[in-house]
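Here's the structure we're looking at; comments come further down.
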Amino acid sequence: MRELPKAYEPTQVEEKWQKRWQEEGCFHADPHSAKPAYSIVIPPPNVTGVLHMGHVLNNTIQDILARRARQEGREVLWLPGTDHAGIATQARVEKELAKETPPRTRFDVGREDFVKMVWAWKEEHGGIIIKQLKKLGCSCDWERERFTMDPGYAAAVARVFTDLFREGLIYRGLRMVNWDPVLLTALSDEEVIMTPSKSKLYTVRYRLEDDPNRWLLVATTRPETIMADVAVAVNPNDPRYADLLGKKVIRPLCETPIPIIADEHVEIGFGTGALKITPAHDRVDFEVGVRFGLKIIDVLTADGHINCPDCPELHGLDRFAARDKSAVLLREKGLLEKEEAYDNNVGVSQRSDVPIEPRLSMQWFLRYPCVQEAKDAVSNGDIVFRPAHWAKTYAHWLDGIQDWCISRQLWWGHRIPVWYRKEQAAELKEAPKLDAEDEKAGRIYVGVNPPDDPENWVQDEDALDTWFSSWLWPFATMDDECRAKFYPTSDLVTGPDIIFFWVSRMIMAGFRFAGGKPFSNVFFTSIVRDLLGRKMSKSLGNSPDPLDLIARYGADGLRFGLMRIAPTGTDVKFDEKQIEEGKNFANKLYNAARFRMMQGEASTDPAPHFSAVHIDILSKLKELHSQVADSLGKYEFNACTQALYSFFWNEYCSLFLEAVKNDLRDGAVPAVRNATLHTIDTVLRHYLALLAPIMPHIAEELWESLGYAARHDGKPLMLTELPDADVLLSGLDESEISRARVSANALYETANRARNLKSEYNLATNKNVRLVVKPAMPVDADLASRLALLAGAKETLVQADYSAPRGTPTALTPFGELFLPLEGLVDVEAEKSRIAKELDKIAKEISRSEAKLGNASFVQRAPAEVVQQEQDRLRDWKEKRQRLTAMLTSLS
RNA sequence: GCACGGGUAGCUCAGUGGUAGAGCGGCUGCUUUACACGCAGUUGGUCAGGGGUUCGAAUCCCUUCCCGUGUACCA
C-alpha cells in the first residue's frame, strides 16, 4: 500500500501541472493543423485590472469550452490579452503623480513623457491579471498574448479609422456631447449612467418686459445656468400662454430681455408649462436653439465652474455651489417662487462618478457601419445569443443607434491618425466640418503612418475611445495565417453589461473589416452578486479575492464550486460555502483514487465476470457521458457539474464502492476481485476525462498517479482524446443490462430500508445483526452478501418460508419482505406503532390515487399510459397495505 | 413609462403539464481501514398572492405584489 496523505492538497499539484502543460506546449494552437478549428478570444481585461469573481466565472467557462474542444479532437486557439483601457490606466498613473511631493499633473509632465510613464507602468504592473488567470488554470495560448496597443494592433486601429473616414462614416463636428468635468473629456452615451437622484425643483419668476406686474413662472433644476438662458418656451397649444407668444421676459440673472417662443417639445402638464431654453447646457435646449436660430451662451468652464463675469456673485463658483448660491440670489430678489424636493435622473460618468455636463464641443464621431448586417446576423440565428433574450436588448439598441463619439481628450490611447497642415492648423481646428474632402484638398492628412514630412503637420490632440480598439479584437489579434484557420471564432463568453460597448460593435466591425461575423455563439455569463444580491464592488468590500479563494480551496475547488451555482439565465449569488463544496469534492475524488491505489494492479484477466452492480455503474457511466455532452452542448455548466457531482459521490462512491468493498478484501475470489478492479479503473479513467475540463489539475494528477497516462504513451490527460463511451458494456445486450440495473437498484433500495430499520431500533452501528429476506424476486448469493455489506449486517438469509417471531421489525422492499430478527429484544408495541404509521401514509396515497382513478374524465382523457401508471401505483400500494395489515394482525 | 429576468425547504439553487428535488444548514448517532473536506439516519415546502385553461398546473394564460437588470423621458 502506498502512503499518501489523507487529504488532498491542491496548491502544489496545481502549480506543477500549470507548469507542465505549458512546457509541453499543451495550450499552443497550430494554424497548420488538419484538425477542425475551435477558437475563442478572451474578453481582454484592463491592464489595470486585478482578477475578480466575474473574471473567474467568465474564464472558467472559456477554459471548460476550450479543454472540452481539445478532447473532442479540435485544434484549439484560446487567445489571451489585455486592453489598454485609456481612462482607467491614465487615471492610475495620474494618481501616482498626484502622490508625489510636490504633487504633479500630467500637464506638468508633458504629453510625450507622460505617455512614456504610462508605458513604464504598464510594463511593470500590467501583467498581474494574466498571471492570475494562469493560476486559475486557464489554457490560453500564452505565446499569443496580445495588447490593444501592440504595434500591429495600433496599425489596424489607424487603418480602420482611415477607411471609415474616407468612406464618410467618421467625421468631426461641433456637437452636444457628454462631458466629464473631472476627467475633462467627452464620453460616449454608453459611458453615462442615468442615476436616480434627490434634486430640487426651483420655480423662478420671469417678469414680462412690457408689463412689470405680469410674471411667467418657470420650473428648473439648474438655476445656475439662468445666465445662459436665451428664451423661454411654452407649448403652442397651451391656452394659458397663447397671448404671450412673441413677447419677451426679463432673464432674472444677468438681466436682459429674452423671447417667449412656442415649441412642441414643452409638456403642458409639467411644472408650470414654461421651459427655460439654455442651448449651451442642455441637449434638448440645444436642439430648440438650433430650430429657432438662438444664440449659445456658455457659462461653464470645462471643469464645471461658472464662467460669467457679468454675474460676479456666481463667477468662478463650482457648479453645485453656484446652484445653491443662485437660489439665494433669486430669493433675495424676490424671484424665487418656490423650491421643492424633486426626484429625477441625472447622467453620471461611469468613470469618474460625477454628473456629466451636456457640452458643446468639437469631437470625432462614427456613423456605425454594417448595422443591418449586424442586426440580421443575430435575428437570423447566424450568431446565437445565449440566453436568447439578450437578442432583444441587442436589437433594441441597434434600432435606436446614435453616432458614436469616438474622441477622448486623453493622452493614453490610440491617437487620432489625423494631421493638420501646419499653416492652416489653427483655422482647421475650429472648422465646423471636416471630412474626406479636406483630405483630398491636402489640408489634412489621414493615415496609418505619420506624413512623410512631419515637420509640416500637426497631429490631432485627441485619443480614441478604448472601445474603438477593442471592437477589432477578434481579428486584429490574429495574423493572416491564424485568421485563415481560426476566424470567425467559435464562442464568445462575456458579461451582458458590455453588450453595447463591445459585443455589438465587434459584430459590426467583423462584417465591415473581416469579411463576416466575428463569432458564432455568444454566451452571456451571469453577474456575480453577493448574498444580499448586490453587485460586487470595491467600495462595498463584498468582493472576495479569487486568489485567496484559490489558496484556500484550490483553483479546481473554486472552478467546480462556481460552476455548480452558475445558472444560465440569472445572476449568481456568490456563497463561499459553494466553493468549499468544490474543495470537498476534490478531496472526495482524491480519496476515491487513493482507495484504488491501495489495491494494487489488476491482472490482465481477459474475461472479468461482472455482477449486477458492475454493469449498473458502467451503464450509469455511459449515461454520464451523454449528460455531459448534452449539457455542455447547451452551455448548461451547472447541469453538467451537477451530473458529474452526483454520479461520482452518490452512484459511484456511496453505492457502488460500498457494495463491492468485500470483493477487494483479502481472501476474495481472485476473479471477482479482478472484475471489480477492472470496473473501478474503467469508471475512474472515463470519469477523470469527463471531469477534466472543469477540474483540470486534479484530474490530470490522478490520471497520472493511477497509471492511466502510462496506457496512453505517458501523454497528459489534456492531450488525450475523450474515451469512447460506446465500448462500455459492449458485448452485453439490452435485456442483460436492464436486468442488472433492476437488481442493483433493488439492492440499493433494500439496503436503505434495512438501514432505516436498524436505525429505528437504535441498531445503526450494530454490525452483528442478521437480515432475512422472503424473496419476491430472485436474490442470489451475490446480491445477498452485498446487501449485508451495505446495510452493515453480519449476513443476509434468503428464505422463502421464513416465519418471523412475533413482533420482528419488518419492511417491504424490492427484494421482498425484509426482516430484522431481534433475537429476544422484540418490542411488540413499538413495531405495531411503526407499522401503523406506515399504514397511515399508505392510506393517504391510496385515497389520493383512488380519487384520481375515480374521476371519469381523468380515465377518459388522460393518455392511456398515465392512467396505467396510476393503476399500477394503486395496485402496489394496495398490496403493501395488505401485507402490512397482515403483519399488524400477527402482532396482536 | 417600456422591455427583460427572477420569486420553489432556514440558505444557494435544479425542476416546461402527470407522486415537489439536490447540496448546504439544523437535529440524532458514528474515530465503520479511501475520505470527519467523511459515514448513516432525520427534520424541513399554501412552489409570492389571486383568477383562469386543463382530467390534471410549480410548470401554460391573465392579474396583483415584491426583488433585480436594461432602456427612454424628466424643466
Side-chain angles (χ1 to χ4, degrees), chain A residues 1 4 6-8 194 199 201-204 218-222 232-233 265-267 270-278 282 284-285 342-346 387 389-390 392-393 396-397 400 496-497 499-500 526-527 529 531 533-535 553 557 561 564-567 569-575 577-578 580-599 636 638-639 642 645-646 649-650 653-654 657-658 661 665 752 755-756 758-760 762 764-765 767 791-792 845 848-849 852-853 855-863 865-867 869-870 873 877:
Chain A
M1 174 172 146
L4 283 166
K6 276 186 151 191
Y8 176 61
M194 295 308 285
S199 304
L201 186 63
Y202 303 87
T203 304
V204 183
V218 176
T220 179
T221 52
R222 303 206 61 187
V232 171
H265 173 262
V266 182
E267 268 182 53
F270 190 94
T272 59
L275 171 63
K276 76 189 197 70
I277 299 298
T278 321
D282 184 279
V284 173
D285 291 6
Y342 181 60
D343 293 332
N344 65 346
N345 283 331
V346 172
H389 66 257
W390 291 112
K392 210 166 174 175
T393 306
H396 183 249
W397 183 76
D497 48 332
I499 188 164
F500 310 137
S526 6
I527 290 174
R529 299 176 176 279
L531 283 174
R534 301 173 304 183
K535 258 186 186 172
Y553 303 112
R564 267 187 92 198
I565 51 170
T570 52
D571 300 333
V572 186
K573 278 194 206 154
F574 179 77
D575 185 351
K577 277 263 172 233
Q578 303 288 340
E580 196 180 336
E581 272 185 63
K583 180 198 171 152
N584 294 350
F585 182 71
N587 192 56
K588 184 77 179 174
L589 181 64
Y590 166 80
N591 273 292
R594 194 163 72 100
F595 177 68
R596 171 64 190 88
M597 287 176 220
M598 289 172 173
Q599 312 305 327
E636 289 172 356
N638 54 343
Q642 186 53 40
Y645 181 94
S646 74
W649 202 303
N650 304 332
C653 291
S654 297
L657 269 191
E658 295 303 329
K661 272 185 175 167
R665 294 251 152 87
N752 263 335
R755 279 194 298 248
N756 290 353
K758 281 180 69 184
S759 172
E760 281 176 49
N762 292 324
T765 53
K767 293 200 153 181
E845 293 293 347
R848 192 194 53 79
S849 193
K852 208 165 179 182
L853 287 164
N855 181 343
S857 48
F858 170 71
V859 179
Q860 279 164 21
R861 300 196 185 193
E865 71 221 41
V866 173
V867 176
Q869 197 184 16
E870 198 57 42
R873 222 176 264 155
W877 288 124

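As a basis for the values below, the full set of heavy atoms in this structure was taken, side chains included, without hydrogen atoms, waters or symmetry mates. Note that this is a predicted model, so its numbers are computed, not measured. Lettering follows sequence order; numbering is per chain, from 1.
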What nitrogen or oxygen pairs link the protein and nucleotides 36-42 of chain B at under 3.5 Å?
{"unit_1": "B:C37", "atom_1": "O4'", "unit_2": "A:Asn584", "atom_2": "OD1", "d": "2.9"}
{"unit_1": "B:C37", "atom_1": "O2'", "unit_2": "A:Asn587", "atom_2": "ND2", "d": "2.8"}
{"unit_1": "B:G38", "atom_1": "O3'", "unit_2": "A:Lys588", "atom_2": "NZ", "d": "3.3"}
{"unit_1": "B:C39", "atom_1": "OP1", "unit_2": "A:Lys588", "atom_2": "NZ", "d": "2.8"}
{"unit_1": "B:C39", "atom_1": "OP1", "unit_2": "A:Trp649", "atom_2": "NE1", "d": "2.7"}
{"unit_1": "B:A40", "atom_1": "O3'", "unit_2": "A:Arg755", "atom_2": "NE", "d": "3.2"}
{"unit_1": "B:G41", "atom_1": "OP1", "unit_2": "A:Asn752", "atom_2": "OD1", "d": "3.0"}
{"unit_1": "B:G41", "atom_1": "O3'", "unit_2": "A:Asn756", "atom_2": "OD1", "d": "3.4"}
{"unit_1": "B:G41", "atom_1": "O2'", "unit_2": "A:Ser759", "atom_2": "OG", "d": "3.0"}

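- A distance of 12.5 Å separates NE2 in A:His396 from CD1 in A:Ile499, rounded to the nearest 0.5 Å.
- Partner assigned to B:C73 is none, using Watson-Crick or G-U wobble distances below 3.5 angstrom.
- For the pair A:His396 NE2 and B:C4 C1', the computed distance is 11 Å after rounding to whole Å.
- A:Val859 approaches A:Leu853 most closely through the heavy-atom pair CG2-O, 3.2 Å.
- Without hydrogens or angle criteria, A:Asp282 side chain to A:Ile277 main chain gives no donor-acceptor distance under 3.5 Å.
- Among the protein residues, A:Val266 comes within range of the nucleic acid bases, having at least one heavy atom under 4.0 Å from a base atom.
- In this entry B:U46 has no Watson-Crick or G-U wobble partner, no candidate having both defining distances under 3.5 Å.
- B:U43 and B:G6 have their P atoms separated by 32 Å, with the value rounded to a whole Å.
- Taking a pair to require two hydrogen-bonding distances under 3.5 Å in either a Watson-Crick or a G-U wobble arrangement, B:A58 remains unpaired.
- With both pairing distances under 3.5 Å, B:U16 is matched to nothing as a Watson-Crick or G-U wobble pair.
- Nearest nucleotide to the A:Glu581 side chain, out of B:U19, B:C24, B:C4: B:C24.
- Spacing between atom CG of A:Leu657 and atom P of B:C35 amounts to 13 Å, rounded to whole angstrom units.
- A straight line from CE of A:Met194 to P of B:C73 spans 7 Å, rounded to a whole angstrom.
- Side-chain contact between A:Lys276 and A:Val204: absent, with no pair of heavy atoms (C-beta onward) separated by less than 4.5 Å.
- Without hydrogens or angle criteria, A:Thr220 side chain to A:Tyr202 main chain gives no donor-acceptor distance under 3.5 Å.
- A:Ala592 comes within 4.0 angstrom of a base, heavy atoms only.
- Separating the CG atom of A:Leu853 from the P atom of B:U19 is a distance of 13 Å, rounded to the nearest angstrom.
- Counting any heavy atom pair closer than 4.0 Å across all strands shown, A:Arg873 reaches a base atom.
- Going from atom CZ of A:Arg529 over to atom P of B:C11 covers 18 Å, rounded to whole Å.
- In this structure the side chain of A:Thr278 never reaches within 4.5 angstrom of the side chain of A:Arg222, judged on heavy atoms.
- Comparing B:G56 with B:U63, their P atoms sit 23 Å apart, to the nearest whole Å.
- A gap of 34 Å separates the C1' atoms of B:G44 and B:C4, to the nearest Å.
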N/O to N/O distances under 3.5 Å, protein versus nucleotides 56-62 of chain B:
none

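- Here, B:G5 and B:G41 have their C1' atoms 40 Å apart, quoted to the whole Å.
- In this structure, A:Phe574 atom CZ and B:C13 atom P are separated by 12 Å, rounded to whole Å.
- Nearest nucleotide to the A:Met598 side chain, out of B:U12, B:A75, B:A34: B:A34.
- Using the Watson-Crick or G-U wobble rule with both distances under 3.5 Å, B:G5 pairs with B:C67.
- Screening A:Tyr8, A:Phe585, A:Phe595 against A:Tyr590 for a side-chain contact (heavy atoms from CB on, under 4.5 Å) leaves a single residue, A:Tyr8.
- Between A:Lys577 and B:U12 there is no side-chain polar atom (N or O) within less than 4.0 angstrom of OP1 or OP2.
- Separating the P atom of B:C11 from that of B:G70 is a span of 26 Å, rounded to the nearest Å.
- For the pair A:Gln642 CD and B:G23 P, the interatomic distance rounds to 8 Å; values are reported in whole Å.
- Under the 4.5 Å side-chain criterion, counting only non-hydrogen atoms from C-beta, A:Phe858 is in contact with A:Val866.
- In terms of position on RNA chain B, the residue among A:Asp575 and A:Glu870 whose nearest nucleotide sits closer to the 5' end is A:Asp575.
- Among all heavy-atom pairs drawn from A:Ala274 and A:Val232, the shortest one is CB-CG1, 4.0 Å.
- Residues satisfying the side-chain contact (heavy atoms from CB on, under 4.5 Å) criterion with A:Ser646, sequence neighbours excluded, are A:Gln642, A:Asn650.
- Listed here is the closest heavy atom pair of A:Asn344 and A:Ser199: OD1-OG, 2.6 Å.
- For the OP1/OP2 pair of B:A34 and a distance below 4.0 Å, the side-chain nitrogens and oxygens of A:Lys661 include at least one atom meeting the criterion.
- When Watson-Crick and G-U wobble pairs are counted only if both distances are under 3.5 Å, B:A40 pairs with B:U28.
- Note on A:Ile499: nothing from the nucleic acid sits closer than 4.0 angstrom, heavy atoms only.
- Spacing between B:U19 and B:A58 at atom P, rounded to whole Å, works out to 11 Å.
- The residue A:Pro496 sits apart from the nucleic acid: no heavy atom pair falls under 4.0 Å.
- Summarising the geometry, the separation between NE2 on A:His265 and C1' on B:A75 is reported as 9 Å, rounded to the nearest angstrom.
- On the P atoms, B:G51 is 44 Å away from B:A40, given to the nearest whole Å.
- Within the nucleic acid shown, A:Tyr202 has no heavy atom closer than 4.0 Å to any nucleic acid atom.
- Nucleotides B:U54 and B:U12 are separated by 34 Å at their C1' atoms, to the nearest Å.
- Between A:Arg848 and A:Glu870 there is a salt bridge, since a side-chain N of the basic residue sits under 4.0 Å from a carboxylate O of the acidic one.
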